[in-house]
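Here is the structure we will look at.
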Amino acid sequence: MQGEKLRGTKLRSSRIFSIIKQDFETYIAEVKTKLEDSFELVCIETSRGTVESKYYKAEKADKGIIVIGGIGEGFQTPADSLYPRLSEYFKETGVSSLNVKFREAGNLAESVIDVLVGIEFLKSENIKTLGLIGYSFGGAVVVQAAFNETDVKTIV
């Protein structure tokens, strides 16, 4: 799908990426645990490339939040590591969170797809209710992703 056609177009996950995990269409290529930060590095192979995320899993959570950075490379976070601190807080209160790293930072259409892949991953983890947090370029991404996903209940 081309970036200029994204606005106002509902994306269908089966057309965006291919998953191989039971009935889901996401193949999780690798999961590593980094104990000092209490997250798992989740690498999801898609037909468009690998989407990397830091997953802060709360036990028995049915609510989840995806945090999205700006245009910079890597795992972007505003205000002195706000996202890792928020993710730890959410985890302690029973809410799972996922910090998604863009494959092509600055490309709106591809970045929205990255977030939609993250949403599908959280759904595979039995997350039913979702919120999205984005800053800078990530703000535009979460608005577009929320438009394309009915399980998103709030955006910040």
Worksheet entry | Euclidean distance, L108 CG relative to F102 CZ, rounded to 0.5 Å | 9.0 Å
Practice prompt. Report the residues that fulfil side-chain contact (heavy atoms from CB on, under 4.5 Å) with T129, sequence neighbours left out, ordered by chain and then residue number.
Written response: K63, K153
Worksheet item: If we only count heavy atoms from C-beta on, is the S53 to F121 side-chain gap below 4.5 Å?
Response: no
Practice prompt. Would you please name every residue forming a ring pair (Phe, Tyr, Trp, His ring centres under 6.0 Å) with F90, sequence neighbours left out?
Written response: none
Fill in: Test salt bridge (charged side-chain N to carboxylate O under 4.0 Å, His left out) applied to D151 - qualifying residues, sequence neighbours left out
K123
Discussion item. E92: which residues meet the side chain to side chain donor-acceptor pair (under 3.5 Å) condition with it, sequence neighbours left out?
Written reply: none
Practice prompt. Evaluate the criterion side-chain contact (heavy atoms from CB on, under 4.5 Å) for residue pair V67 and K54; output intermediate values, then yes/no.
Written response: CA-CA 10 Å; V67 294; K54 291 180 180 179; over 6 Å; no
Worksheet entry | side-chain contact (heavy atoms from CB on, under 4.5 Å) against S136, all qualifying residues, sequence neighbours excluded | none
Worksheet, complete the sentence: Rounding to 0.5 Å, atoms OH (Y56) and CD1 (I65) come to a distance of 13.0 Å
Worksheet item: Should V115 and Q144 count as side-chain neighbours, where that means a heavy-atom distance under 4.5 Å?
Response: no
Worksheet, complete the sentence: The side-chain contact (heavy atoms from CB on, under 4.5 Å) partners of S96 (sequence neighbours excluded) come to Y55, K57, A58, A61, I127
Worksheet entry | Straight-line distance of I66 CD1 to L130 CG, nearest 0.5 Å | 6.0 Å
Worksheet item: Which is it for N107 and E104 under the side-chain hydrogen bond (donor to acceptor under 3.5 Å, both in side chains) test, yes or no, and what are the steps along the way?
Response: CA-CA 6 Å; N107 181 324; E104 296 181 31; 3.2 Å; yes
Worksheet, complete the sentence: In short, A146 meets L132 closest at the heavy-atom pair N-CD1, 3.9 Å
Worksheet item: Taking atom NZ of K60 and atom CG of D62, what is their separation to the nearest 0.5 Å?
Response: 12.0 Å
Worksheet item: How about V51 and T46: do any of their side-chain heavy atoms sit closer than 4.5 Å?
Response: yes
Worksheet item: Are side-chain heavy atoms of L82 and Y135 found at a separation under 4.5 Å?
Response: no
Discussion item. Taking the side chain as everything from C-beta on, heavy atoms only, tell me whether I155 gets closer than 4.5 Å to V143.
Written reply: yes
Worksheet entry | T50 versus C43, closest heavy-atom pair with distance | CG2-CB, 3.9 Å
Response to the item:
In this structure, CD of E52 is separated from CG of D114 (nearest 0.5 Å) by 10.5 Å
Worksheet item: Could you give the distance from CD (E120) to CG (L122), rounded to the nearest 0.5 Å?
Response: 9.5 Å
Practice prompt. Show the numbers, then the answer: is there a side-chain contact (heavy atoms from CB on, under 4.5 Å) between S87 and F39?
Written response: CA-CA 9 Å; S87 295; F39 66 84; over 6 Å; no
